[in-house]
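Here's the structure, in structure tokens; my notes come after.
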There are 2 protein chains.
Amino acid sequence: MKFEAVTIKDIAKALGISTSTVSRALRDSYEISPETKQLVLECAEKLNYRPNPIALSLKEKRSRSIGVLVCEIANSFFSQVINGIESVAYDKGYNVIITQSNESFEREIMNLHSLSSRSVDGLLVSLSTETNDLSHLEMLHKKGLPIVLFDRVTDEIETHKVVVDNFKGAYEATEHLIQKGYKRIAAIANSEFLSITNERLAGYKEALNAYGIKYNKSYVKHCFYGGMVFSEIEDAVNKLFTLKQRPDAILATSDKLSSGCLKTLLRRGIAIPQEIALAGFSNSDLAELLNPSLTVVRQPAMEMGRAATELLLQLIENKRPVVQFEKRILTPELIIGHSTIL
Amino acid sequence: MKFEAVTIKDIAKALGISTSTVSRALRDSYEISPETKQLVLECAEKLNYRPNPIALSLKEKRSRSIGVLVCEIANSFFSQVINGIESVAYDKGYNVIITQSNESFEREIMNLHSLSSRSVDGLLVSLSTETNDLSHLEMLHKKGLPIVLFDRVTDEIETHKVVVDNFKGAYEATEHLIQKGYKRIAAIANSEFLSITNERLAGYKEALNAYGIKYNKSYVKHCFYGGMVFSEIEDAVNKLFTLKQRPDAILATSDKLSSGCLKTLLRRGIAIPQEIALAGFSNSDLAELLNPSLTVVRQPAMEMGRAATELLLQLIENKRPVVQFEKRILTPELIIGHSTIL
DNA sequence: ATGAAAGCGCTAACAA
DNA sequence: TTGTTAGCGCTTTCAT
């Protein structure tokens, strides 16, 4: 059951003029007499005319909507990014179409296809943890679809990128742990496919190195599904606990992994930070309210969403092809809680 | 810079046949010979043809997209609802366009207008805490736009609704507090315009009543902006603390209010539950990890999103006008933590 | 079994 | 200043 919308045709008929006159009057064209404009405007108002954006899209070959792909909407980091995206898009008159991969490569491909075939004007993408092959994105990119990558990016695609200084974030968190006297620092990370995994682990290793602590491979655990399966995190933590040289601290390198670690430790009744300290990347508003309050690397998530959207709209609205791409690097913030200090 | 998409025209030209034949072949019409079909399909495949959804929308007068209005995306409850919405919509081939009101009435109106004028096929709406006047929604509804309300609903609009049993949730939480020995139970709620406010406060009052505790008006504080401004919550808590008969427990009736209360209490260094107990509606995954673990009324948020979307799609895809509307009431769950028990 | 043509709502080049 | 017409990509009636 649909409601019949008023079209310029209706206005034209009502006024006994042509549709093009109506169209021009509505767009306030210089070639229409003030009287006619007045008439048309009044009539449009009276009939409650609303331009049909679909007809416009068909004509202009643009939909004024942008597609977003994140791994999970219900994740504090990503929901904050989306918040930023929505706010900028709204201001510029764009719609935001959101999809989630649930960290599945297959789903990522399907979403990307669906979005592009629904003719979004551009794409804002954060890769899934399973993603290793980028041909699907590469194809869309080559076709000329504007794409901006954020958070989980890749060097294989030349376009604007917005990330946080992951190296710095992990370095500072690790340094903090070291300075607080922890020596056997473990790390729990996503799959090795992800840029954030490698950058964060690099920061972690460099901090160890800077303080003369030997890097121990068995202290690093990967969660291939990014913690979408809770048992993955549990297993990782449990494995760390079976090591003869048990770690005295853990650095969790994502939101989901941080909360998963904390949950596992609390459920096992392990004292934090007495038995083991915990620091993690997290954007939850509740970090400071946790038990114990969590030492976190916090990312300017909303800012990331805003920046990515601005860059994308710039790309979309640029007449000439952009050749110079920008990688915007935002600064994370280390917030110290009681999970690393008594 | 746009990329030229392949159209049926291109296929027709390549094959030296008419566009209508191509169109029919692609839709597997019975009137096309198997050979032609084969040819067309192969050619479409080769040219990587993708139907233009916008052209289809224009023709069919439907966009296969639904609009969502929530007050805030970066809120665990709503992001979980959106998760549910996205999953059902994805399965059914619909796009989800998300907007947020930030609890502003004005923004709600603008979003709703924007969504409807962008010809979404239907709307999934949760009202802002400022919303008292429903004429904007009423208008769209009268025009025949399918609408399903969820969580924050109103009786003024006759359509499908999906809510949680707010009365029950608040009743049980209050009852739990009473059974644990608390006698002076305060409540912090959103604006009185909201259905959830009234239903939850009704459950709270009824529980007090059932246990012979007199309802004390000064124990109930409203946050008009739903806690979008943190100081609002702080003020509410502070006011409770200035009462001569200081409350010994607080029931916070929304996600944002729960975390805001906890934050205020922790920052003031107030012992929970010794000095004051705290229970609240919350859908955060971290509730059990808080300090202290929070007694919460948890809503089946994802389920709510799924149900609302199913009802909306049913409404959209129904040929004949629906006259019998359904109010689906989901059951909340009380999860007991240490914020109400030592 | 296939093609020609109209039409969805709108804009714009061209005519008048 | 205004009207006529074609066309955006696709479907569909009506011819053939």
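Each chain gets a letter, A, B and so on, in the order its sequence line appears, and its residues count up from 1. Just so you know, these numbers come straight off a predicted model, no measurement behind them.
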Write down the distance between [atom1] ([X]) and [atom2] ([N]), rounded to a whole number of angstrom.
{"X": "R62(A)", "N": "dC10(C)", "atom1": "CZ", "atom2": "P", "result": "18 Å"}
{"X": "K61(A)", "N": "dC8(D)", "atom1": "NZ", "atom2": "C1'", "result": "6 Å"}
{"X": "D10(B)", "N": "dG7(D)", "atom1": "CG", "atom2": "P", "result": "15 Å"}
{"X": "L58(B)", "N": "dC10(C)", "atom1": "CG", "atom2": "C1'", "result": "9 Å"}
{"X": "I8(B)", "N": "dC8(D)", "atom1": "CD1", "atom2": "P", "result": "11 Å"}
{"X": "K13(A)", "N": "dG3(D)", "atom1": "NZ", "atom2": "C1'", "result": "17 Å"}

Please confirm whether the shortest side-chain N or O distance from [X] to OP1 or OP2 of [N] is below 4.0 Å.
{"X": "K9(A)", "N": "dG7(C)", "value": "no"}
{"X": "K37(B)", "N": "dA1(C)", "value": "no"}
{"X": "T7(B)", "N": "dG9(D)", "value": "no"}
{"X": "K59(B)", "N": "dG9(C)", "value": "no"}

Hey, could you give me the CE/SG distance between M228(B) and C71(B), rounded to the nearest 0.5 Å?
6.5 Å
Within the side chain of [X], is there an N or O that forms a donor-acceptor pair under 3.5 Å with the backbone of [Y]?
{"X": "S18(A)", "Y": "T21(A)", "value": "yes"}
{"X": "S195(A)", "Y": "V153(A)", "value": "yes"}
{"X": "S101(B)", "Y": "E72(B)", "value": "no"}

Does S57(B) reach a base, just sugar-phosphate, or nothing at all? Heavy atoms under 4.0 Å.
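Touches nothing.
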Is any side-chain N or O of S20(A) under 3.5 Å from a base N or O of dT4(D), one able to act as donor and the other as acceptor?
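Between dT4(D) and S20(A), which were checked side chain against base, a qualifying N/O pair under 3.5 Å is present.
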Under 3.5 Å side-chain donor-acceptor pair for D133(A) and S135(A):
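D133(A) vs S135(A): donor-acceptor pair found between side chains.
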Answer with yes or no whether the side chains of Q38(A) and E42(A) bring together a donor and an acceptor at under 3.5 Å.
yes
Contacting residues from residues 39-56 of chain B, given that a heavy atom lies under 4.0 angstrom of DNA chain C:
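None, since no heavy atom is under 4.0 Å.
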Take V96(B) and L124(B) through the side chain to side chain contact (heavy atoms under 4.5 Å, CB included) test and state the conclusion after the steps.
CA-CA 10 Å; V96(B) 178; L124(B) 251 22; over 6 Å; no
Less than 4.0 Å between a side-chain N and a carboxylate O, is that true for E130(A) and R107(A)?
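No.
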Expected list for residues 21-35 of chain B near DNA chain D, using heavy atoms below 4.0 Å, is S23(B), R24(B), R27(B)
Step by step, work out the side chain to side chain contact (heavy atoms under 4.5 Å, CB included) result for V81(A) and D151(A).
CA-CA 10 Å; V81(A) 172; D151(A) 185 46; over 6 Å; no
